[in-house]
There are 2 protein chains.
Amino acid sequence: MSVNLAHSETISSLKVARRPWPVIVGEAAKTAPSGDDFAALETVGARMTFGRNETIFSEGDCAKYCYRLVSGSVRLCKLLADGRRQISDFFLPGDFFGYADFDTYALSAEAVTGVVVTRYARNQVEAVSESDSRFRRRLGQLLHERFNAAQLHLVMLGRYTVKERISSFLIQMAERLDPGAGSADEIELPMSRLDIADYLGLTIETVCRAISDLKRADVIAVPSIHRIVLRKPSVLRDLVEGGEHLLA
Amino acid sequence: MSVNLAHSETISSLKVARRPWPVIVGEAAKTAPSGDDFAALETVGARMTFGRNETIFSEGDCAKYCYRLVSGSVRLCKLLADGRRQISDFFLPGDFFGYADFDTYALSAEAVTGVVVTRYARNQVEAVSESDSRFRRRLGQLLHERFNAAQLHLVMLGRYTVKERISSFLIQMAERLDPGAGSADEIELPMSRLDIADYLGLTIETVCRAISDLKRADVIAVPSIHRIVLRKPSVLRDLVEGGEHLLA
DNA sequence: CGGCTTTTTGAGACGCGTCAATGACCGTGG
DNA sequence: CCACGGTCATTGACGCGTCTCAAAAAGCCG
């Protein structure tokens, strides 16, 4: 099983990233969408920065804070004693995370790229939630969304083939990364192949091979390593749905 | 992939089970635990019965109701077009389900055995939740528990070997089925091997083989088909901790 | 340019799925 | 009461797909 070497600099937390990576600042430092349900928290948030592969919080830590991602991207994962890793979710700018836990975090959150977050004390979030029913509903809705996403993830890990997993992942990322309407046809994947593998329950080699297959079939193009062009999104969709053959 | 033939009698809903199966009435018709947080709903619930393999609600149905399981057991599952199935959760007496959805149910709930439930209108549950902050917190806690369980399930499907999955499943069921203290050493599994397979992301044959292996190693005994004796729980625990302590 | 990490590709092993046959259990009806 | 048919569970033989191991290629940064 793949050895995990992601934790070279897991200690300090306010350190600036050595090399901020695609912190897409100019173009896409997406601020909160206009009708922002988090306005109530605006005043109590603290802005923070994490470097690539830095840990934002660890499984078992006292869950004092929750976070809103401003820029970059974050993985939520669980590490087994022998190095096996499962990523349960990726977060993108605008996502709110770290609130779906009890006293301690159930999983670790790590910066996939250089990251900027706003950090909120949980007791303050809870106070606002207690008094503001609109905010509370919004928070509940977010939790439900994460829950439903986890259910789909479950089906994928339990029953999808490799091709279905990769296709489903690409479509899903295209939808999430596209701010506006239907999924964009070109996406910038912030995470490494190993991250993708650990999200899909595969090995990095299998992920590479599946991507190469799609490239060979001209369903996607890969101009640079973190950039993917969906040339035939419909084929990707078919690969996921029929749950069947379509790719040579 | 295994053909699913579970839906022979999915239509009527108030029908009594043809043959109630292990509806453990005398011994374990567990009523709500003494400090019952659902007292507030007591008056608005309707008692209902479902037969084995009957559908309680289907994916996509308008989510008007939620349920509390009184006796028997229920599976929550998703069916793909080609018959593949993933079970995301089993419910046991006392469990509350069907509330973690939006307007429509995201998954289907089916009776694994003959089942008795109390059904509540969601708008009433929401009304109580809105006015009673204690009840609301309890409901949120339940959702968090299901969410954390789903996260562990995710790790299992993504990263566990067959032996680890079976061991983890047995331990988990022993803990959930045991009303009192530490896990009982003999458990009554209400679900079929196919259900177990679809929960663990395996085939029925693989599940059988793994169980036979454990039997052969004298780690468990199988006096009858739905009954399992954990002869060496510690070995089971070791088998799952090829990774880690992953049990809530 | 030279040393690193990450990605890609290849060859081979092995675990799990597939297909098929047998056995166990159970309710039904002769 | 036993024979029968249906469902579910178990076991075996075999093939395929994914993992493992290994090495080369491609980026990345000093």
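Since we're looking at a predicted model, the values are computed, not measured. First the proteins, then the strands, lettered A, B, ... as listed; each starts at 1.
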Whole angstrom is fine here: how far is it from [atom1] in [X] over to [atom2] in [N]?
X: A:Ile204; N: C:dG10; atom1: CD1; atom2: C1'; value: 16 Å
X: B:Leu214; N: D:dA9; atom1: CG; atom2: P; value: 17 Å
X: B:Ile211; N: C:dA24; atom1: CD1; atom2: C1'; value: 15 Å
X: B:Arg193; N: C:dG23; atom1: CZ; atom2: P; value: 19 Å
X: A:Tyr160; N: C:dC16; atom1: OH; atom2: P; value: 23 Å
X: A:Met191; N: C:dT7; atom1: CE; atom2: C1'; value: 16 Å
X: A:Arg209; N: C:dG10; atom1: CZ; atom2: C1'; value: 7 Å
X: B:Lys163; N: C:dC14; atom1: NZ; atom2: P; value: 14 Å

Problem set entry | Qualifying residues under side chain to side chain contact (heavy atoms under 4.5 Å, CB included), relative to B:Asp195, sequence neighbours excluded |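 Counting only residues at least two positions away or on another chain, B:Asp195 forms a side chain to side chain contact (heavy atoms under 4.5 Å, CB included) with B:Arg75, B:Arg85, B:Ile87, B:Phe90, B:Val112, B:Met191, B:Ser192.
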Problem set entry | Closest listed nucleotide, where the reference is the side chain of B:Cys208 and the choices are C:dT7, C:dG17, D:dT11 |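 It is D:dT11.
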For this session: Using five base pairs at each end, measure the axis-to-axis angle across the helix from C:dC1-D:dG30 to C:dG30-D:dC1 and round it to 10 degrees.
Result: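 Comparing the axis at each end, I get an angle of 30°.
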Between the protein and nucleotides 22-26 of chain D, are there any N/O to N/O pairs under 3.5 Å, and if so, what are the atom names and distances?
none

Exercise. Which residue lies toward the 5' end of DNA chain D, A:Val162 or B:Val222, if each is placed at its nearest nucleotide?
Worked result: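 Per heavy-atom nearest nucleotide, the more 5' residue is B:Val222.
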